[in-house]
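Below, read A as the first sequence line, B as the second, and so on, with proteins coming before strands; counting in each chain starts at 1. Quick caveat, the model's predicted, so the values are computed rather than measured.
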There are 2 protein chains.
Amino acid sequence: MAGYGQFCPMAKAMEVLDERWTMLVVRELLAGSCHFNDLRRGVPKMSPALLSKRLKSLARAGIIERTEVDGRACYRLTPSGQELRGVVEALNAWGARWVGTLGEEDLDPHLLMWDIRRTVAVDAWPRSRTVLEFRLDGVAPRVSCWWLMVSDDQVDLCDVDPGYEVTAVVETALLTLTRIWRGDTSWERALHDGSVRISGSAAVRKVVPAWIGQGAAAVVPRPP
Amino acid sequence: MAGYGQFCPMAKAMEVLDERWTMLVVRELLAGSCHFNDLRRGVPKMSPALLSKRLKSLARAGIIERTEVDGRACYRLTPSGQELRGVVEALNAWGARWVGTLGEEDLDPHLLMWDIRRTVAVDAWPRSRTVLEFRLDGVAPRVSCWWLMVSDDQVDLCDVDPGYEVTAVVETALLTLTRIWRGDTSWERALHDGSVRISGSAAVRKVVPAWIGQGAAAVVPRPP
DNA sequence: CTGTATCCATGGCGATACTG
DNA sequence: CAGTATCGCCATGGATACAG
């Protein structure tokens, strides 16, 4: 695929960035992933061959640098790559405001739970071990139950019962939890209309939404 | 080409925007073009079939609306499309800062002169008719001479001698003028090192750079 | 863990011509 | 002016298996 034949800086930028998957890889790198398989988890539908190819592309473009630490590959954003945060944020805000409709094929419990895990507000949680169980309706049994644990500022996510006492259970459709996470709706509204049920003591039920919080896109104001 | 299978707003945004040429079409629309052939001029290397396809895509995505005025097609950005200005600006700034190297294939005298024409600071020009002649070195003769005219706040661009008295002649390589326009270098430096020559009266030579100015990307600070 | 190798089908896209 | 029509290549990228 050739370039655009234009001197316009935006066109030159797009020559690298408009290739399929590229911006999603950049997003993963900005989120802190740096090993090959960490990155794969963020783009599960991308084949490893293609990920490898894109990483080489990004390196050639000066956006990332590959180093090897203890025999382990490590991809890090260069200053040029770091500055793509502005682009990612602009795209994210626009997408949150104007691409509201999610299809069944956009939902992925693994991606959602992993994203919750990595940005969860641990400061809001109790200091002692606290376990939240998620039950996702209408999802393949194998990936419908998740346990999110926080203890000593350490966050863990399991898809098998870790066996600890469960503080509260959150039960909802995958779509609902996804929409809350994106900020398309709020915890308050979802709890009120019954699309999310939280079990546990009254005190706990009240604070669970604050424990989980919402994703980064939720702060973007929506169009009227 | 399928979607990414992700709920992430940025991924959803890229499902529409990462297709080849799409963002360049949006850029043209943001710049004010609205008729089919106006748009074509901004993306001369794009086939009309593909442009047509992309316009349909953008309409389906709610980014543009097609109307017909006096039997003339007219594409206008919706509010959603207007808000892509933030994305375009982020990409443009990043491209200006980090994709500095221009190849021969990125240069296009027609695109450059047209861009100058449409953003020239007419307020800086004299009120009476003023004609600037551009002579671009190392370019096919057919497209190496251009005349830029301003009179009564009306800007015109010709690629054949309009016959009016020429106020000043700007002579330079296409690459140099392009780099100045992008802000990769300044008028001052280019005049000083001789890569641009301006003929005309001493007073006129001094103000011609301000008449022409620089493109939008020139205000972006460059990395050290 | 970090990729490569191989294969194959799809369809994107470039080129050109043509039409109401 | 504003597109359609047609064609054909070849690169893209999805899938799977495998290797250092």
Side-chain angles (χ1 to χ4, degrees), chain A residues 1-6 11 14-26 28-29 32-61 64-76 105-106 108 111 114, chain B residues 1-6 11 14-26 28-29 32-61 64-76 105-106 108 111 114:
Chain A
M1 182 169 307
Y4 289 118
Q6 301 213 356
M14 285 311 272
E15 287 183 11
V16 206
L17 304 178
D18 72 356
E19 283 188 312
R20 190 164 156 77
W21 291 110
T22 296
M23 285 307 292
L24 302 219
V25 174
V26 170
E28 278 309 298
L29 288 159
S33 302
C34 75
H35 303 303
F36 193 83
N37 283 346
D38 290 349
L39 292 166
R40 283 196 70 181
R41 194 176 9 226
V43 282
K45 298 237 182 154
M46 188 182 193
S47 80
L50 194 50
L51 173 56
S52 172
K53 189 177 169 184
R54 285 290 182 276
L55 289 170
K56 286 192 206 313
S57 241
L58 287 167
R60 243 184 296 112
I64 65 176
E65 253 173 8
R66 182 190 194 276
T67 60
E68 216 149 315
V69 183
D70 300 332
R72 235 194 139 186
C74 180
Y75 299 92
R76 295 211 168 280
E105 63 283 358
D106 299 320
D108 181 326
L111 272 175
W114 190 257
Chain B
M1 180 171 308
Y4 288 118
Q6 301 213 353
M14 284 312 270
E15 287 182 10
V16 206
L17 304 178
D18 72 356
E19 282 187 313
R20 191 164 156 75
W21 291 109
T22 297
M23 285 306 293
L24 302 221
V25 174
V26 170
E28 279 308 300
L29 290 159
S33 302
C34 75
H35 303 303
F36 193 83
N37 284 343
D38 290 349
L39 291 166
R40 283 196 70 179
R41 195 178 7 228
V43 282
K45 297 237 180 149
M46 189 181 192
S47 81
L50 195 49
L51 174 56
S52 172
K53 189 175 169 185
R54 286 289 183 274
L55 289 170
K56 285 193 207 313
S57 243
L58 288 167
R60 242 184 296 114
I64 65 176
E65 256 174 5
R66 181 190 194 279
T67 60
E68 216 149 314
V69 184
D70 301 332
R72 236 196 136 184
C74 180
Y75 299 93
R76 295 212 168 279
E105 63 281 359
D106 299 319
D108 181 325
L111 273 176
W114 191 258

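- Residues that satisfy the side-chain hydrogen bond (donor to acceptor under 3.5 Å, both in side chains) test with Arg40(A), not counting sequence neighbours, are absent from this structure.
- Between the CZ atom in Arg76(B) and the OG atom in Ser33(B) there is a gap of 10.5 Å [rounded to 0.5 Å].
- For the side-chain contact (heavy atoms from CB on, under 4.5 Å) test, residues two or more places apart in sequence or in another chain that qualify with Ala59(A) are Ile64(A).
- When the side-chain nitrogen and oxygen atoms of Trp21(B) are compared with OP1 and OP2 of dG12(C), none of them lie within a distance under 4.0 Å.
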So which protein nitrogen or oxygen atoms get under 3.5 Å of nucleotides 3-6 of chain D's nitrogens or oxygens?
{"from": "dG3(D)", "atom 1": "OP1", "to": "Arg66(B)", "atom 2": "NE", "distance (Å)": "3.3"}
{"from": "dG3(D)", "atom 1": "OP1", "to": "Arg66(B)", "atom 2": "NH2", "distance (Å)": "2.7"}
{"from": "dG3(D)", "atom 1": "OP1", "to": "Tyr75(B)", "atom 2": "OH", "distance (Å)": "3.3"}
{"from": "dG3(D)", "atom 1": "OP2", "to": "Tyr75(B)", "atom 2": "OH", "distance (Å)": "2.6"}
{"from": "dT4(D)", "atom 1": "OP1", "to": "Lys56(B)", "atom 2": "NZ", "distance (Å)": "2.8"}
{"from": "dT4(D)", "atom 1": "OP2", "to": "Ser52(B)", "atom 2": "OG", "distance (Å)": "2.8"}

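- Separating the CG atom in Asp18(A) from the CE atom in Met14(B) is a distance of 7.0 Å, to the nearest 0.5 Å.
- A distance of 14.0 Å separates CG of Leu111(B) from OH of Tyr4(A), quoted to the nearest 0.5 Å.
- Atom CG of Leu50(A) and atom C1' of dC7(C) are 15 Å apart (whole Å).
- Contact annotation: Arg20(A) does not reach the phosphate of dT12(D) (side-chain N/O to OP1 or OP2, under 4.0 Å).
- Counting to the nearest Å, the P atom of dC13(C) and the CD atom of Glu19(A) are 11 Å from each other.
- Axis deviation across the helix from dC1(C)-dG20(D) to dG20(C)-dC1(D) amounts to 60°, comparing end segments of five pairs, rounded to 10 degrees.
- OP1 or OP2 of dA2(D) sits under 4.0 Å from a side-chain N or O of His35(B).
- Straight-line distance from the CE atom of Met46(A) to the P atom of dG3(C): 13 Å, rounded to whole Å.
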Enumerate donor-acceptor pairs with a distance under 3.5 Å from any side-chain N or O in residues 41-55 of chain B to protein atoms, sequence neighbours excluded.
{"from": "Arg41(B)", "atom 1": "NH2", "to": "Asp38(B)", "atom 2": "OD1", "distance (Å)": "3.1"}
{"from": "Ser47(B)", "atom 1": "OG", "to": "Leu50(B)", "atom 2": "N", "distance (Å)": "3.2"}
{"from": "Arg54(B)", "atom 1": "NE", "to": "Arg20(B)", "atom 2": "O", "distance (Å)": "2.8"}
{"from": "Arg54(B)", "atom 1": "NE", "to": "Thr22(B)", "atom 2": "OG1", "distance (Å)": "3.2"}
{"from": "Arg54(B)", "atom 1": "NH2", "to": "Arg20(B)", "atom 2": "O", "distance (Å)": "3.0"}

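- We find that CZ of Arg54(A) is positioned 14 Å from P of dT4(C), with the value rounded to whole Å.
- Residue Asp18(B) contributes atom CG, which lies 14 Å from atom P of dT12(D) at whole-angstrom precision.
- For the side-chain hydrogen bond (donor to acceptor under 3.5 Å, both in side chains) test, no residue two or more places apart in sequence or in another chain qualifies with Asp108(B).
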Test Glu15(B) against Asp106(A) for side chain to side chain contact (heavy atoms under 4.5 Å, CB included), laying out the working first.
CA-CA 11 Å; Glu15(B) 287 182 10; Asp106(A) 299 320; 4.0 Å; yes
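- Leu24(B) places a side-chain heavy atom less than 4.5 Å from the side chain of Trp21(B).
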